[in-house]
Asks: 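Questions regarding the structure given below will be posed in turn.
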Amino acid sequence: MLSFPFEIPEVVQVATMVGVFGAGLYILGYFMLQMGFIRGNGTLYPILVITAAGCVLFSMSEEFNLAGSIIQLAYISISILGLLRGFLSRHLVRFSDDERQFIALHLESLKPHQARKLLNTATTKTYDNGDILIEEGKTTDFLGFVLSGRTTILKNGRVINQCGEDEILGELTFGLGLPATATVIATEPTKCLVFDNIRLTRLLRRNRHIDDALKAAHFRHTRQKLLSSNKHTLRAQRRPAAA
Ligand SMILES: Nc1ncnc2c1ncn2[C@@H]1O[C@@H]2COP(=O)(O)O[C@H]2[C@H]1O
């Protein structure tokens, strides 16, 4: 029991007050977690738990309780492990130049460890001139990012656009199980980051943040494609008139 040079009522003993403060922190942290204000795998929640557990543990100096102490020590240890894991996954992730090219353009809102998870579902593939990446009308599981080269987009056998470096292909029907809206043919040796559909779908189902970031990237990109497609149509319409 803590002793003080002056008399204070037992109910406001420092250790008790610290314990009550710790209990308050536990409740506050859990409330914020359940309300979605903080994330369980972020930094704030484990820090709150460590502080709360430390306070409750300190309050037990008044009256030792083995089971209570074990729980507090376990909370502290697990939270430290969680913080360490978060730190390592944030600071030890590495990307290849190709992956960095994709992240810089389309995944800026993702944290490095989230981008790493997403890119773990992709591999680099090369296509020769004339290779078909996607066939119109067929259900495709192709989702790729063009690292270099050139592809031609055809609809009903007619060229409607061209896509090259830094563009996404297969995004219009990805995850929808619908037939591809166009045929995509490599018209130069083309290198792409191609996502493994099954692994990617599994990851997106588990991780809403990555799913949102990828959908946002597809949305922005589709907008750009629409503008470039409009330009392509205008150019094609002008050509016979100029001839
Ligand atoms: N007008 C267009 N301009 C550029 N790319 C297109 C156009 N229409 C379709 N595509 C691409 O061709 C792909 C065919 O498969 P998806 O429909 O899944 O996704 C499509 C787009 O990535």
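Order of appearance sets the numbers: ligands from 1, and atoms from 1 within every ligand.
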Asks: Say whether Gln101 and Asp166, considering side chains only, have a donor N or O and an acceptor N or O under 3.5 Å apart.
Replies: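 Gln101 vs Asp166: donor-acceptor pair found between side chains.
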Asks: Answer side chain, backbone, both or neither: which part of Thr173 comes under 4.0 Å from ligand 1, heavy atoms only.
Replies: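 Looking at Thr173 and ligand 1, atoms from backbone and side chain both fall under 4.0 Å.
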Asks: Quick check against the 3.5 Å criterion: does Lys225 have a side-chain atom that pairs as donor or acceptor with the backbone of Ile168?
Replies: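 Present.
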Asks: Between Ala182 and ligand 1, which part of the residue brings a heavy atom under 4.0 Å of the ligand: side chain, backbone, both or neither?
Replies: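 Looking at Ala182 and ligand 1, atoms from backbone and side chain both fall under 4.0 Å.
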Asks: Taking heavy atoms and a distance under 4.0 Å, where does Thr181 meet ligand 1: side chain, backbone, both or neither?
Replies: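 It is both backbone and side chain that touch ligand 1.
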Asks: Against heavy atoms of Cys163, which atoms of ligand 1 measure under 4.0 Å?
Replies: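 So the answer, numbered in order with elements, is 4 (C), 5 (N).
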Asks: Between Thr222 and Leu172, is any pair of side-chain heavy atoms under 4.5 Å apart?
Replies: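 Yes. Closest side-chain heavy atoms under 4.5 Å.
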Asks: Under 3.5 Å, N or O to N or O, is Gly170 touching ligand 1 that way?
Replies: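 There is such a contact, yes.
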Asks: Using a 4.0 Å heavy-atom threshold (strictly under), name the region of Glu171 that reaches ligand 1: side chain, backbone, both or neither.
Replies: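 Looking at Glu171 and ligand 1, atoms from backbone and side chain both fall under 4.0 Å.
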Asks: Would you check if the side chain of Arg199 reaches a backbone N or O of Asn120 as a donor-acceptor pair within less than 3.5 Å?
Replies: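 Side chain of Arg199 to backbone of Asn120: a pair is present.
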Asks: Flag the pair Lys191 and Asp98 as a salt bridge only when some basic side-chain nitrogen lies within less than 4.0 angstrom of an acidic carboxylate oxygen.
Replies: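 Salt bridge between Lys191 and Asp98, a charged N being under 4.0 Å from a carboxylate O: yes.
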Asks: Is any side-chain heavy atom of Ile134 less than 4.5 Å from a side-chain heavy atom of Thr183?
Replies: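 Sidechains of Thr183 and Ile134: no contact.
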Asks: May I ask which of Ser229, Gly144, Ala180 has a heavy atom nearer to atom 2 (C) of ligand 1 than the others do?
Replies: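 Among Ser229, Gly144, Ala180, the closest heavy atom to atom 2 (C) of ligand 1 comes from Ser229.
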Asks: Give the atoms of ligand 1, by number and element, whose distance to some non-hydrogen atom of Lys225 is under 4.0 Å.
Replies: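 This gives 4 (C), 5 (N), 11 (C), 21 (C), 22 (O) as the contact atoms.
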Asks: Quick one: does Ser96's side chain have a donor or acceptor within less than 3.5 Å of a partner on Glu99's backbone?
Replies: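 Present.
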Asks: What atoms of ligand 1 come within less than 4.0 Å of a heavy atom belonging to Ile160?
Replies: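 Checking each atom against Ile160, I get 1 (N), 8 (N).
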Asks: Do Glu136 and Thr181 get their side chains close enough for a donor-acceptor pair, meaning under 3.5 Å?
Replies: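 Checked: Glu136/Thr181 side chains show no N/O donor-acceptor pair below 3.5 Å.
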Asks: Any idea which part of Leu172 is under 4.0 Å from ligand 1, heavy-atom wise: side chain, backbone, both or neither?
Replies: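 Under 4.0 Å from ligand 1, Leu172 contributes backbone and side-chain atoms.
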Asks: For atom 3 (N) of ligand 1, which candidate among Thr140, Asn161, Ile134 holds the nearest heavy atom?
Replies: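 Ranked by closest heavy atom to atom 3 (N) of ligand 1, first place is Asn161.
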Asks: Side chain, backbone, both or neither: which part of Val184 comes within less than 4.0 Å of ligand 1 when only heavy atoms are counted?
Replies: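 The side chain, only.
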Asks: Find all atoms of ligand 1 within a distance of less than 4.0 Å from any non-hydrogen atom belonging to Leu169, and give their numbers and elements.
Replies: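 Checking each atom against Leu169, I get 22 (O).
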Asks: Starting from atom 7 (C) of ligand 1, which protein heavy atom do you reach first, and at what distance in Å?
Replies: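 For atom 7 (C) of ligand 1, the nearest protein heavy atom is Ile153 CG2, 3.8 Å.
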Asks: Consider only side-chain N and O atoms of Ser69 and Asn65, and report whether a donor and an acceptor are under 3.5 Å apart.
Replies: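 No, no side-chain donor-acceptor contact under 3.5 Å.
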